[in-house]
Amino acid sequence: QVQLAESGGGLVQAGDSLRLSCAASGRTFNGYSVSWFRQVPGKEREFVAGLSWSGRLTDYADSVKGRGTISRDNAKNTVYLQMNSLRPEDTAVYYCAASTTVFVVKNSRSYTYWGQGTQVTVSS
């Protein structure tokens with residue numbers, strides 16, 4: 001099985017950029033689709049961005065389209081989420097997750113492997 005570890009979160013100002021990283025261990029990302037989700041207290045975990053099994057297809061939540069880019073570095077066995085023009089409403093704990101589905105699935109229940117999350121706080 002694959003273990004996931006997120007990093008790169010922090011406190012930033014509105015308009016800033018961040019790059020979140022999701023490093024895999026135990027196995028490579030080959031054979032997994034990988035997505036980023038985020039969660040704020042009292043709300044359900046929501047899909048942010050996803051990368052298909054092949055690494056060729058991406059999908060984004062409407063709230064981050066044009067501001068977020070998901071990518072994968074096979075050599076480093078890491079998936080990234082670049083977030084630009086951050087807004088206070090982007091404040092959340094961000095999780096990466098891996099699924100054996102071929103295509104990106106937005107339902108968090110489809111994901112078997114999860115990291116522990118990284119906090120992103122955007123001040124206005």
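A donor-acceptor pair under 3.5 Å is absent between the side-chain atoms of Q13 and the main chain of S124, judged by distance alone. Not a single donor-acceptor pair under 3.5 Å links the side chain of N77 to the backbone N or O of N74. Of the possible donor and acceptor atoms, one in the side chain of T91 sits under 3.5 Å from a partner among the backbone N and O of V122. Judged purely by atom type and a 3.5 angstrom limit, S63 has no side-chain atom pairing as donor or acceptor with the backbone of A61. Looking only at distances, no side-chain donor or acceptor of S110 sits under 3.5 Å from a matching main-chain atom of S99.
The two residues V104 and L57 make their nearest non-hydrogen contact at CG2-O, 4.2 Å. Contact detail for Q82 and S17: the closest heavy-atom pair is NE2-CB, 3.7 Å. Here the shortest heavy-atom pairing between V64 and V48 reads CG2-O, 3.4 Å. Between A98 and V2 the shortest heavy-atom distance is CB-CG1, 4.3 Å. Heavy atoms only, all atoms of each residue included: V79 and R72 are closest at CG2-CG, 3.8 Å. The heavy-atom pair separating A92 from Q39 by the smallest distance is CB-O, 3.5 Å.
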Pairs under 3.5 angstrom only: tabulate donor-acceptor contacts from the side chains of residues 19-27 to other protein residues two or more places apart or in another chain.
unit_1	atom_1	unit_2	atom_2	d
R27	NH1	Y32	OH	3.3

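A single hydrophobic cluster is not seen to contain both Y60 and V105; linkage of ILVMFWY side chains at heavy-atom distances under 4.5 Å, directly or through other members, places them apart. The hydrophobic clustering, which links ILVMFWY residues whose side-chain heavy atoms are closer than 4.5 Å, places F47 and V34 apart. One hydrophobic cluster, built from ILVMFWY side chains closer than 4.5 Å, cannot hold both W114 and Y94; they sit in different ones. There is no path of hydrophobic side-chain contacts, each under 4.5 Å, that joins V93 to V120. Grouping the Ile, Leu, Val, Met, Phe, Trp and Tyr side chains by contacts below 4.5 angstrom, directly or via other members, places Y80 apart from I70.
Applying the salt bridge (Lys or Arg N to Asp or Glu O under 4.0 Å) test to residues at least two apart or on different chains, the pairs with a partner in residues 97-109 are D59-K106. Every pair passing salt bridge (Lys or Arg N to Asp or Glu O under 4.0 Å) that includes a residue from residues 30-50 is listed here, sequence neighbours excluded: R38-E46, R38-D90.
Put simply, OG1 on T69 and CG on N84 are 6.5 Å apart, with the number rounded to the nearest 0.5 Å. The CH2 atom of W36 lies 6.0 Å from the CG atom of L81; values are rounded to the nearest 0.5 Å.
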Under the criterion side-chain contact (heavy atoms from CB on, under 4.5 Å), I'd like the reasoning laid out for L4 against C96: C-alpha separation, chi angles, the key distance, then a yes or no. CA-CA 7 Å; L4 306 176; C96 68; 3.8 Å; yes
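Listed by chain and number, the residues in a ring pair (Phe, Tyr, Trp, His ring centres under 6.0 Å) with Y95 amount to none (sequence neighbours excluded). Scanning for ring pair (Phe, Tyr, Trp, His ring centres under 6.0 Å) contacts around Y111 gives F37, with sequence neighbours left out. Listed by chain and number, the residues in a side-chain hydrogen bond (donor to acceptor under 3.5 Å, both in side chains) with N107 amount to none (sequence neighbours excluded).
Enclosure of atom CH2 in W53 is not indicated, since only 12 or fewer non-hydrogen atoms of other residues, nucleotides or ligands lie within 6.0 angstrom.
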